[in-house]
Amino acid sequence: MASSPSPRRAVIIGGNRLPFARANGAYVGASNQDMLTAALDGLVARFGLQGERLGAVAAGAVLKHSRDFNLSRESVLGTALDPSTPAYDVQMACATGLEAIGSLADKIKLGQIESGIGGGVDTISDAPIALSDGARAGMLALGRARSLKDRMAAVASLRPRDLAPSAPGTNEPRTGLSMGEHQALTTQRWGITREAQDELAAASHRNLAAAYDRGFFDDLLTPYRGLSKDNNLRADSTVDKLAKLKPAFGKHLGDEASMTAGNSTPLTDGASAVLLGSEAFAAEHSLPVLADFVDYELGAVDFVSGEEGLLMAPAYAVPRLLARNGLSLQDFDFYEIHEAFAGTVLSTLKAWEDPEFCSERLGLDAPLGSIDRSKLNVAGSSLAAGHPFAATGGRIVATLAKLLHEKGSGRGLISVCAAGGQGVVAILEAR
Amino acid sequence: MRETLSAKPRLGALYASAAPRALRRVREVSPDRLPRREAFVEGVRCRPEQLVAYQRLMGDTVRDELPSVLMHGLGFPLALWLLSRPDFPLPLLGLVHLRNEVRHLRPVRPDEVLSVSASAEELRAHHAGTTVTVRTRLFVGEEPVWEGLSLYLAKGVRLAGIEVPPAPRREPLVPPATTARWRLDASTGRRFAAVLGDYNPIHLSALSAKALGLKAPIAHGMYLAGRALAQCAPHGRGYAWEIEFATPVFLPGTVEVNRSSGPGGVVRFSGWNQRSLKPHFAGAVSRL
C-alpha cells in the first residue's frame with residue numbers, strides 16, 4: 001500500500017503542558033487529576049475554548065489510582081470546557097499520550113469529531129500504594145462472608161506479612177527486570193558507548209536550555225506550583241560532568257556498565273495536552289494551524305523470550321509507517337526520538353543503520369540508514385525535561401508541531417517506546 | 001506387584017515417618033535391593049483453590065488447564081510414599097533432586113479425576129553416590145495424560161560391586177544474557193509447600209534447613225521448574241519438558257534467568273547465580 005487515502009486532514013492547533021518536576025519535589029500533593037486539569041485549563045484559556053463542547057478529550061496515566069477510572073472525564077468536569085464534552089481514558093504505558101492523540105486524529109480524519117484534546121499525566125509523588133494481594137484477598141473474602149464463622153475465617157486468613165503495602169514498580173511483570181536493566185542489555189547488544197550516551201544527554205540539556213532561552217516554550221507551558229521551567233534541566237551539564245556519574249543499571253556488566261542517572265530519564269511528575277481539529281474547526285474558531293498529524297503506527301516486540309530488547313518496538317514500527325507513506329528515513333527535517341534512556345535512542349539509530357538487522361528483523365532490502373544528527377531532538381527531550389510517563393507524548397507532539405510551523409515546511413518523525421515491549425511512532429507535516 | 005492405596009498419602013506424615021530413619025547411615029546398597037512395587041491410587045483431584053493458588057504463586061494466568069508441575073505435585077505423594085517404605089534402600093531425607101523428564105500428553109482440565117501410578121525403577125552409580133529413578137504416570141480412566149521420570153541422588157551411598165564413575169568436568173559458567181530475574185524471598189519454600197503440600201524441612205526455614213546440614217533453606221526444584229514453565233510452556237496442547245538441577249537456590253536469593261528459542265520450536269531455559277557464577281538449573285520445553 002503506497003499511501004492511505006485520507007478523507008480529510010487532522011491538524012495540530014497547539015499544545016500546553018506543566019513544567020515537569022522531579023519526583024517528590026515541587027508537585028508533592030498534586031494528584032493526576034489536579035495536574036491534568038491544570039494542563040487542560042491552560043490549553044482552553046490559550047485558545048479561548050471556555051464553554052466550548054469539544055468532540056472528545058482522550059488522556060491517561062500510567063500509574064493510576066483505582067478511583068481514577070474516569071480520570072479524563074473527571075478532569076474535563078473540572079475545566080472551563082462545556083461539561084457535555086465527552087472524555088475517555090487511554091493507557092498504553094509511556095506511549096499513552098501519543099496513542100491518545102493519534103486516536104483523536106483518526107476520529108477527526110474520519111469525520112466523527114471536529115476537535116479533540118489528547119494528552120496524559122503522571123505522578124510518582126502521588127503514586128497509588130495498594131494493599132498486598134494477601135490483604136486484598138482476605139478483605140474481599142470478608143466482604144463476601146455471610147456468617148460470623150466466615151467472617152472470622154476471613155480475618156484469620158490475614159498474615160502479618162500481608163500488611164506490607166505494595167507500591168507500583170518499574171519492573172516488567174513477566175521478567176522481573178526493571179526497564180533500565182532491560183535497556184542495559186540492549187545497550188550492550190548494540191555496543192553503545194558511555195561517551196556516546198553522555199554526549200546525547202548533554203545535547204538534550206543544551207538544546208532544552210537553548211529552547212527556553214529563546215522563549216520557545218512561552219506558549220507551550222502553564223506555570224504550576226512555583227515552577228515555570230522543567231526542574232530537571234541542567235543548563236550547565238557537560239559530557240565531563242556526566243562522565244563522573246557511577247553506573248545505575250547493568251552493574252553486573254562491570255566495566256562495560258554504561259548507563260547512569262545522567263543518561264537515563266529521572267522519575268518525574270507532570271501533565272501535557274494537545275489540541276487537534278479539522279481544518280474547518282480551526283478556521284471557524286480563527287485558530288492557528290501548526291502541523292498536520294499525518295499518520296501513526298503501533299508496534300510491539302517479543303522481549304519476554306529475549307528475542308528483542310524491551311524498548312525496541314519503534315525500530316520495527318517506523319519502517320512500516322515509512323512504507324505506508326512512501327517515505328524514507330531521510331525525508332524528515334526533525335526527529336523526535338523519546339529519550340527513555342540515551343541508550344534507547346542510540347540503539348534504535350544503530351539498528352536502522354545495521355544491514356543485518358534491517359534485512360533479517362525488518363525484512364528490508366537495504367538498511368534504513370543514518371539520520372542527520374543535527375535534526376535530532378533539537379529542542380531537548382526526556383533526558384533533560386524529564387519523563388512523566390503518559391505526559392511525554394503530548395510534550396513531543398506540541399514541541400514538534402511548533403518546530404515545524406516555525407520552519408514553515410517539512411516533516412517530523414516521532415518515536416516513543418513503552419513498557420511491555422511496545423511503541424508508537426508518528427509523522428507530522430508542517431503547515 | 002501393584003499396591004493400591006485407598007487414598008492419596010499425606011506428605012507431612014511421610015516426612016515424619018522418614019525422620020527416625022534419617023539417623024540411620026546407609027553406606028552401601030546392592031543394585032538389586034530395589035523392591036519391585038508399583039503404587040497406585042485413584043480419585044486424585046486438584047482442588048479449584050489449589051489450582052488458583054498455584055497459578056498465582058508461579059505468576060501464571062488463571063486458566064482451566066492443569067499446569068504440568070502441578071500435576072507432578074499431584075503425583076508426588078505417591079512417589080514419596082514409595083521412597084518412604086521401610087524396604088526402600090536409600091534414606092529419604094537428604095535425597096537430592098537431580099532431574100526431571102516429563103511428557104505432558106494432552107491438556108488436562110481441572111475437573112478431570114486422575115489415577116496415579118508410581119514405581120522406583122533403577123539404582124545407578126553416580127560419582128557422588130547412588131541415584132534412583134522414579135516413574136510417575138497420571139491417567140484419566142485408562143488414558144495416560146502425564147508421564148514423568150524423576151532422578152534423585154542419595155549422596156555418599158555406594159552401589160555395591162559397581163565402580164564409581166568419575167565426576168564430569170564442569171566447564172566454568174559463561175552466563176548467557178539475562179532475560180528475566182527472579183527475586184525469591186525467604187518465604188518462597190513455605191509458600192510453595194502451602195500449595196503443594198511438600199513440607200520437606202530443607203525448604204521451610206533457616207532452622208529446619210540447618211538441622212539437615214544446609215546453610216539456608218533452598219527453593220523447591222519444582223518451584224523453579226514451575227516458574228520456568230509458566231513462561232515457556234505452551235497451552236492448549238501437549239508438550240515435553242525436562243529440567244536438570246545443578247546447585248541449589250538458597251533463600252532468600254536472586255536467580256538470573258535466560259530463555260531462548262531454538263530450532264523446531266524448542267525453548268531452552270536456564271538459571272544461575274550472577275555473583276558466584278554457579279548454574280542452578282537448565283531445561284527445555286518442546287511441543288508434542
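Since we're looking at a predicted model, the values are computed, not measured. Here is the naming used below: chain letters follow the sequence lines, and residue numbers restart at 1 for every chain.
- More than 12 heavy atoms of other shown residues, nucleotides or ligands fall within 6.0 angstrom of atom CG in D111(B).
- You'll find the side chain of R259(B) reaches within 4.5 Å of the side chain of V304(A), heavy atoms only.
- Within residues 172-185 of chain A, the residues approaching chain B closer than 4.5 Å by heavy atoms are, in numerical order, R174(A), T175(A), G176(A), L177(A), E181(A), H182(A), L185(A).
- Ranked by heavy-atom pairs under 4.5 Å with chain A, the first of A180(B), C232(B), P176(B), G59(B) is A180(B).
- Within 6.0 Å of atom CZ in R191(B), more than 12 heavy atoms from other residues, nucleotides or ligands are found, so the atom counts as buried in its surroundings.
- For a residue to count as touching a neighbouring chain, one of its non-hydrogen atoms must lie under 4.5 Å from one of that chain's; by this rule R183(B) touches chain A with the side chain only.
- Around CG of D365(A), the count of heavy atoms belonging to other residues, nucleotides or ligands within 6.0 Å does not exceed 12.
- In this structure, OG1 on T179(B) lies 12.0 Å from CG on L310(A), to the nearest 0.5 angstrom.
- Remark: R106(B) CZ is packed, more than 12 non-hydrogen atoms of other residues, nucleotides or ligands lying under 6.0 Å away.
- Other residues, nucleotides and ligands place more than 12 heavy atoms under 6.0 Å from the CZ atom of R361(A).
- Crowding of E356(A) atom CD: a count of heavy atoms from other residues, nucleotides or ligands under 6.0 Å not exceeding 12.
- Taking a 6.0 Å sphere around CZ of R103(B), one finds it holds 12 or fewer heavy atoms contributed by other residues, nucleotides or ligands.
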